Number of protein chains: 2
Amino acid sequence: MVENCIAPCCTDCESAWENFNNLTEDELRYVCENRSQAMFRPGEIIFKQGSPISSAVFLINGMGKLYIEGYDNKKMMIGIAKQKRLIAGPGTYVDSRHHYTLSALTDVNACFIKMDVLKELVLKNSKFAEGFLIDISKKSLNTFYRFLSHSQKKMHGRMAETLLYLANHIHESDIFDLLLSRQELGELSGMAKESVVRILKDFSEDHIIEDKCPHIKILDKEKLQLISNMG
Amino acid sequence: MVENCIAPCCTDCESAWENFNNLTEDELRYVCENRSQAMFRPGEIIFKQGSPISSAVFLINGMGKLYIEGYDNKKMMIGIAKQKRLIAGPGTYVDSRHHYTLSALTDVNACFIKMDVLKELVLKNSKFAEGFLIDISKKSLNTFYRFLSHSQKKMHGRMAETLLYLANHIHESDIFDLLLSRQELGELSGMAKESVVRILKDFSEDHIIEDKCPHIKILDKEKLQLISNMG
DNA sequence: AATGTCTATTGATATATATCAATACAAGAA
DNA sequence: TTCTTGTATTGATATATATCAATAGACATT
């Protein structure tokens, strides 16, 4: 159970962060020496909002959800975490605190790399630093547009957008099994769980999607895109 | 009119970005050689959403507003721009496009520094790169919390927060002259202009603020903070 | 099979907030 | 001064969306 989850050295890890390509062989080996792994079961918390950031996290396999615990016990889901993506959070270079929680949605094999090591490499290798900047910038831009859509789109538009996000970026297929409950789908798209149910029903009745509970099939992607672009 | 707006070299510019402290004298001189300046009148656009990012912008004096032009001609104001802050936007390292518009709220003296030069320095000087990372991270974190508050707070809470933002971060005083119309205040706090009027009236009647139209005086900051923390 | 515990679904209702419309006010232009 | 134009204010109304409450399924446990 334990031994078969040890990933090979970062050098040939298939789930590695793109930016590691900017490191020299020696530097990558250094990263490798400063990593550790752990397995998580669905529902388990990998890191918690407020706690100090000691390591960057990468999911070797499985998926997780990133969410902020806000006012009044309400959760706001930021997105789904999966392999190949740095999960460190904007606090890394600000206050070394996690500003959101990561919990496992499936069985997760997670790799932890000491943040000090990555920060050291940022100072040593400027291409790596640039890669870091690109990564943070992309995420920042995403947040922006999510913010915009939450502020200006109505519920149907947001739900369409969410479904497209899941299909295009997470499952990379128009047919997928939903990892999220209606409650969680609401936290991701910014609405009450009852509204999620009603809107998914609307979409089903209009033959835009087929929804056999955890099973989702996007039938009319153009229409979904149209609704997302301001429904 | 023209000559008196030429700022001294960045070396002793009072409005300079903090991160320029990480540059050597030579590097700073290099920055200085690649800058230009321009004056703007209230309402004029300094750079426009969608246009290519050729330069980073710094306001030597005056203030501007940053806003996204979203769906349905609705604007979403991101914040107020003022001196000492890098205004480059998250597109810098992604697609070299501006993702929001900057327009002048007052007379503005703006300094433009070629983005290529800054990017070159990021690669040359790792401390500078780190400073850049810190800057972007802070902004990203801000966006996050604004997003959270817009999603979860009610109008009174958001307006309280906005007033505290203006007092603490922009005007740095509890008494200030509002640069924004009710419409713009609505774009900043995410509500209709009529709602802005009604809430400011509520706050006035409760003696939390004094509002003699462009004049604002915060009378009860604790209460305002309380409302902001989930009113 | 019976029981308990979740989550999903549905309908009824409440509430926050936007929109619409009318008026008042302020600042410039003639 | 009067006129014009834009913003601010106020009240009435519409609408999106949340909340509440009840029921129905699904799945595990006994």
Side-chain angles (χ1 to χ4, degrees), chain A residues 41-43 65 70-77 105 149-163 177-205 209-216 227-228 230-231, chain B residues 41-43 65 70-77 103 105 149-163 177-206 209-216 227-228 230-231:
Chain A
R41 298 233 145 261
K65 62 169 178 171
Y71 312 95
D72 216 12
N73 286 321
K74 267 186 202 153
K75 289 176 183 172
M76 181 175 96
M77 202 163 148
L105 284 170
S149 98
H150 277 239
S151 304
Q152 304 196 336
K153 286 184 188 174
K154 286 185 254 97
M155 286 198 302
H156 284 76
R158 298 205 302 273
M159 182 52 73
E161 183 178 74
T162 299
L163 290 171
D177 282 355
L178 212 46
L179 292 168
L180 306 175
S181 68
R182 308 287 145 149
Q183 172 67 40
E184 290 170 316
L185 219 42
E187 285 161 11
L188 183 56
S189 52
M191 64 186 77
K193 58 186 186 304
E194 293 93 337
S195 299
V196 173
V197 171
R198 282 183 252 265
I199 289 169
L200 289 180
K201 200 186 166 196
D202 287 348
F203 286 173
S204 294
E205 281 170 356
I209 62 166
E210 188 183 284
D211 172 26
K212 295 198 173 133
C213 205
H215 253 55
I216 293 278
I227 295 171
S228 169
M230 201 47 200
Chain B
R41 297 233 145 260
K65 61 169 178 172
Y71 312 97
D72 215 11
N73 287 320
K74 265 183 203 155
K75 289 175 184 172
M76 182 175 95
M77 202 163 148
S103 75
L105 284 170
S149 98
H150 277 238
S151 304
Q152 304 195 337
K153 285 184 189 174
K154 287 187 255 95
M155 287 199 301
H156 284 75
R158 297 205 302 274
M159 182 52 73
E161 184 177 73
T162 300
L163 290 172
D177 281 356
L178 213 45
L179 291 168
L180 307 173
S181 68
R182 308 287 146 148
Q183 172 68 40
E184 289 171 315
L185 218 43
E187 286 161 10
L188 182 57
S189 53
M191 63 187 75
K193 58 186 184 305
E194 293 92 337
S195 298
V196 173
V197 171
R198 281 184 252 265
I199 289 168
L200 288 180
K201 199 187 166 196
D202 287 348
F203 286 174
S204 293
E205 281 170 357
D206 293 348
I209 61 166
E210 189 183 284
D211 171 26
K212 295 203 172 130
C213 206
H215 254 54
I216 293 276
I227 295 171
S228 168
M230 201 48 199

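These figures come from a predicted structure and were not determined experimentally. Letters A, B, ... are given to chains in the order of the sequence lines, protein chains preceding strands, and every chain is numbered from 1.
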Query - Contact under 4.0 Å: B:K201 side-chain N or O vs D:dT10 OP1/OP2 - result: yes
Report summary line: note: A:R158, atom CZ; D:dT17, atom C1'; distance rounded to Å ~ 9 Å
Query - Nucleotide nearest A:M155 when distance is taken to its side chain, options C:dT7, D:dA18, D:dA8 - result: D:dA18
Query raised in the report: For the pair made of NZ in A:K154 and P in D:dA18, what is the distance, rounded to whole Å?
Result: 14 Å
Report summary line: Here the distance between atom P of C:dT7 and atom CG of A:L200, to the nearest Å, is 17 Å
Query raised in the report: What's the NZ-P distance between B:K193 and D:dT9, to the nearest Å?
Result: 12 Å
Query raised in the report: Between the side chain of A:R182 and the main-chain N/O of A:K193, is any donor-acceptor distance below 3.5 Å?
Result: no
Report summary line: Atom CD1 of B:I199 and atom P of D:dT10 are separated, to the nearest Å, by 14 Å
Report task. Compare every heavy atom of B:E184 with every heavy atom of B:S181, then report the nearest pair and how far apart it is. Result -> N-OE1, 2.9 Å
Report summary line: Closest heavy-atom pair, A:A160 versus A:S228, reported as atoms and distance to 0.1 Å, is CB-N, 3.7 Å
Query raised in the report: Side-chain N or O of A:S195 less than 4.0 angstrom from OP1 or OP2 on D:dT17?
Result: no
Query raised in the report: Once you round it to whole Å, what is the distance between P of C:dT17 and CD of B:Q152?
Result: 13 Å
Requested in this report: Specify the separation, in whole Å, of atom CD of A:E194 and atom P of D:dA16.
Outcome: 18 Å
**Report entry** Atom pair distance, as rounded to whole Å: CZ in B:R182 and C1' in C:dA18
**Finding:** 18 Å
**Report entry** Nearest atoms (heavy-atom pairs only) where B:G70 meets A:Q152
**Finding:** CA-OE1, 3.3 Å
Report summary line: Judged by nearest nucleotide, the residue sitting upstream toward the 5' end of DNA chain D, B:R198 or B:Q183, is B:Q183
